[in-house]
Number of protein chains: 2
Amino acid sequence: MRRMTARPANAHQARLLRLLRDGGPNSRAQLGDQVDLSRSKLAVEIDRLLETGLVVADGLAASRGGRRSHNIRLAPNLRFLGVDIGATSVDVAVTNAELEVLGHLNQPMDVREGPVAVFEQVLAMAAKLKVSGLAEGFDGAGIGVPGPVRYPEGVPVAPPIMPGWDGFPVREALSQELGCPVMVDNDVNLMAMGEQHAGVARSVGDFLCVKIGTGIGCGIVVGGEVYRGTTGSAGDIGHIQVEADGRACACGNKGCLEAHFSGAALARDAEEAARTGQSPELTARLEAAGRLTAADVATAAAAGDSTALDLIREGGNRVGQVIAGLVSFFNPGLVVIGGGVTGLGHTLLASVRTQVYRKSLPLATGNLPIVLGELGPTAGVIGAARLISDHLFSPA
Amino acid sequence: MRRMTARPANAHQARLLRLLRDGGPNSRAQLGDQVDLSRSKLAVEIDRLLETGLVVADGLAASRGGRRSHNIRLAPNLRFLGVDIGATSVDVAVTNAELEVLGHLNQPMDVREGPVAVFEQVLAMAAKLKVSGLAEGFDGAGIGVPGPVRYPEGVPVAPPIMPGWDGFPVREALSQELGCPVMVDNDVNLMAMGEQHAGVARSVGDFLCVKIGTGIGCGIVVGGEVYRGTTGSAGDIGHIQVEADGRACACGNKGCLEAHFSGAALARDAEEAARTGQSPELTARLEAAGRLTAADVATAAAAGDSTALDLIREGGNRVGQVIAGLVSFFNPGLVVIGGGVTGLGHTLLASVRTQVYRKSLPLATGNLPIVLGELGPTAGVIGAARLISDHLFSPA
DNA sequence: CAACTTTCTCCACACCCAGGACAAAGCCGG
DNA sequence: CCGGCTTTGTCCTGGGTGTGGAGAAAGTTG
């Protein structure tokens with residue numbers, strides 16, 4: 001079938017499309033309440049949108065005490081593809097225009113295999129979602145990669161954990177393959193956008209989203225918009241020094257946050273503890289599986305293993321220390337913590353909170369919630385869908 | 001005489017006023033090149049601005065190969081008052097509409113004397129500038145205070161070093177006294193705006209401006225706009241921890257940046273060094289003056305005193321360590337260092353640079369200039385003038 | 001079933017603004 | 001000094017945009 005070709009012709013139409021995306025189906029009258037346009041003008045713009053096929057009529061709305069209004073919704077056949085490439089796995093999801101996830105696949109995969117192999121996998125997963133009847137084609141795709149991206153062009157730049165991706169034209173290539181518009185961003189930024197759209201960060205203008213996975217990154221949202229920095233590397237907090245003469249890090253420095261706490265560091269510490277016999281729980285798991293991951297630490301902690309709990313607490317203190325500094329500097333309205341280690345849950349959260357509330361000034365922490373992300377692995381793909389929808393729902 | 005009452009009626013007029021403010025007198029044709037409006041429309045808007053008296057005709061421009069164009073400039077009698085209240089002194093300046101400083105006064109003064117006493121002083125200084133013939137009245141005033149401000153209302157909130165100012169309606173009160181519009185902001189933000197307007201940060205969209213005076217603060221500029229945070233305390237980096245179990249700070253914590261390096265800390269360290277006889281140079285100065293300031297350390301260092309140099313280097317390392325973290329996080333296009341300690345000059349700058357370039361990732365530091373502010377004490381007052389002019393040169 | 005409310009459409013009018021025609025002013029080469 | 005050429009400024013027309021009112025359509029409430 002033919003996919004979406006139209007784009008909003010002006011800012012009003014773009015505004016309306018975003019309202020429908022974020023608020024779901026809506027009556028014409030309700031839309032009118034939100035946009036501050038005359039009824040005549042509003043009718044004209046909606047009619048034009050109906051003509052383009054981007055929105056469709058959808059029956060009558062409930063009465064608000066008088067004549068019933070006609071409902072309007074985004075075209076139900078619109079489909080976005082959200083791709084979240086992590087260090088060790090890939091998530092691919094299909095959403096409708098309201099960014100509801102209709103289907104979601106996850107597959108282990110090492111980014112270091114390079115863009116070609118990864119793309120093959122992604123395309124196979126997208127095809128699988130297609131044949132399962134969820135989509136007949138894609139109107140746009142968003143994709144997140146675990147490293148800095150030169151944003152407008154959609155090209156990774158000097159990504160530390162993605163050898164072979166440097167300068168690879170991700171946007172261009174994927175757009176070719178899928179035959180639809182594509183936008184590329186850092187995976188952490190997408191997580192932030194996801195939580196902003198459908199998670200804990202709704203209605204917060206300025207917030208930080210700390211993602212602790214294989215590495216550590218931080219999405220920065222200023223005035224509702226993701227801030228990417230001058231060269232696209234903003235939020236790269238994994239290599240902030242937390243210990244004067246600490247552990248050696250892959251980046252060449254010593255004492256980096258990532259070297260002391262992250263999914264990878266936690267796994268190493270756990271294996272170490274298991275080998276030296278500090279924790280029977282972990283030792284047993286190591287013998288069973290041959291190696292340990294952050295998830296093993298989480299289950300051990302849930303079972304009350306004190307070594308595991310200590311590891312988490314110490315890590316939380318480290319991250320909390322850095323976040324405390326960022327809170328003083330950035331004065332956000334919310335801090336979201338997510339990523340693979342969300343399983344560590346409230347033990348982690350508690351020590352982060354302790355550090356932040358103790359080490360930042362009262363004015364900045366006074367009304368500052370520090371919470372876990374509520375979308376888990378879907379945050380990234382929803383954020384990816386939102387990335388491309390923001391792009392498509394803006395005046396051409 | 002009657003002061004400016006008119007305000008730009010629309011975004012086009014606001015745009016033109018700002019172009020004239022930032023670019024000085026300009027021909028109609030040159031303005032046309034910059035605004036992308038039809039000649040007819042441009043002529044209409046300029047005529048309206050001429051009617052309001054905000055701009056005036058100013059003779060003929062040089063020919064660009066054809067008919068000579070008419071010059072336009074902002075009304076030469078417009079006057080802004082820039083006020084920069086520091087912890088230990090007050091700066092007051094008058095500027096024209098192009099934000100050129102026409103007169104500048106500086107007076108030692110302790111903010112802790114409270115808003116009433118300080119205002120008396122400020123008004124006296126403003127009156128002095130007035131009678132010297134520089135202004136017949138003020139069309140607007142910007143004022144910076146050394147603490148967090150709830151921005152839209154212009155009210156200090158919980159300022160640590162300004163007891164008695166908490167909740168004082170600075171904007172309202174000063175507006176009453178001066179009879180003109182007033183805007184209030186943090187002094188660090190004003191310094192950033194000053195350097196952006198007339199200093200080293202021209203044409204940089206995202207940058208940080210670290211001000212090291214009695215305390216330490218950081219102005220954050222995102223996309224050309226000052227970022228103030230959720231509660232107006234963004235940039236408050238003085239209490240970021242730099243040493244795990246470091247010096248006790250007035251805020252109640254240990255190891256804060258400000259406790260280890262700032263104008264106040266440096267003076268204490270210098271006095272300590274003088275008393276223990278580590279530096280004959282400093283000892284002599286202490287005996288002569290009874291106490292030491294950062295300026296004494298600067299002159300001692302300039303004279304080659306190794307103790308003074310060590311103090312500066314150590315301080316630079318501390319600040320550099322924090323800035324390195326901020327650079328990783330924020331990925332700015334420029335870092336400006338200013339404030340009272342600018343006198344420490346290149347010794348300080350060198351150690352800051354060393355730390356940042358060593359501890360931040362290459363992608364973020366690759367093309368990152370770290371420079372001293374070039375406006376010195378006028379940065380604050382120019383920033384203050386710009387604050388109010390931004391306000392007045394925006395659509396009503 | 002009548003009065004009131006809400007929603008939607010239609011239409012007249014004002015305003016905005018681009019772009020062309022044209023006049024004014026200045027440059028340059030002969 | 002004169003005639004083309006360029007640049008600048010003004011005037012005018014026509015299309016597009018958006019407001020607000022009138023009134024019809026559709027429902028609700030008592």
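Treat the numbers as computed from the prediction; the structure is a model and nothing was measured. Quick note: numbers below take in every heavy atom, side chains included, and nothing from hydrogens, waters or symmetry partners.
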Length of the line joining [X]:[atom1] and [N]:[atom2], which is rounded to integer Å:
X: B/L37; N: C/dC17; atom1: CG; atom2: P; answer: 7 Å
X: B/L42; N: D/dC11; atom1: CG; atom2: C1'; answer: 15 Å
X: A/D47; N: D/dT17; atom1: CG; atom2: P; answer: 14 Å
X: B/E45; N: D/dG9; atom1: CD; atom2: C1'; answer: 16 Å
X: B/N71; N: D/dG9; atom1: CG; atom2: C1'; answer: 15 Å
X: B/R28; N: C/dA25; atom1: CZ; atom2: C1'; answer: 15 Å
X: B/K41; N: C/dG19; atom1: NZ; atom2: C1'; answer: 15 Å
X: B/R68; N: C/dG26; atom1: CZ; atom2: C1'; answer: 9 Å

Do the side-chain N or O atoms of [X] get closer than 4.0 angstrom to the phosphate oxygens (OP1, OP2) of [N]?
X: B/R67; N: C/dC22; result: no
X: B/R64; N: D/dT8; result: yes
X: B/H12; N: C/dC17; result: yes
X: B/R39; N: C/dA23; result: no
X: A/S40; N: C/dC11; result: no

Problem - CD (B/E172) with more than 12 external heavy atoms under 6.0 Å - result: no
Exercise for the section: Evaluate whether atom CD of B/E225 has more than 12 neighbouring non-hydrogen atoms of other residues, nucleotides or ligands under 6.0 angstrom away. Expected result: no
Exercise for the section: Cation-pi check, A/R18 to A/F393: give yes when NZ or CZ is under 6.0 Å from the six-membered ring centre and within 45° of the ring axis, no otherwise. Expected result: no
Problem - Of A/R48 and B/Q30, the one whose closest DNA chain D nucleotide lies more 5' - result: B/Q30
Completion exercise
Among the nucleotides C/dA18, D/dT8, D/dA22, whichever has the atom closest to the side chain of B/S38 is C/dA18
Fill in the blank from the handout: Of C/dG26, C/dT7, D/dT8, the nucleotide closest to the side chain of B/L60 is C/dG26
Handout entry: Aromatic ring proximity A/Y227/B/Y227, centre distance under 6.0 Å
Key = no
Handout entry: Modelled atom types, side-chain donor and acceptor of A/R21 and A/S389, under 3.5 Å
Key = yes
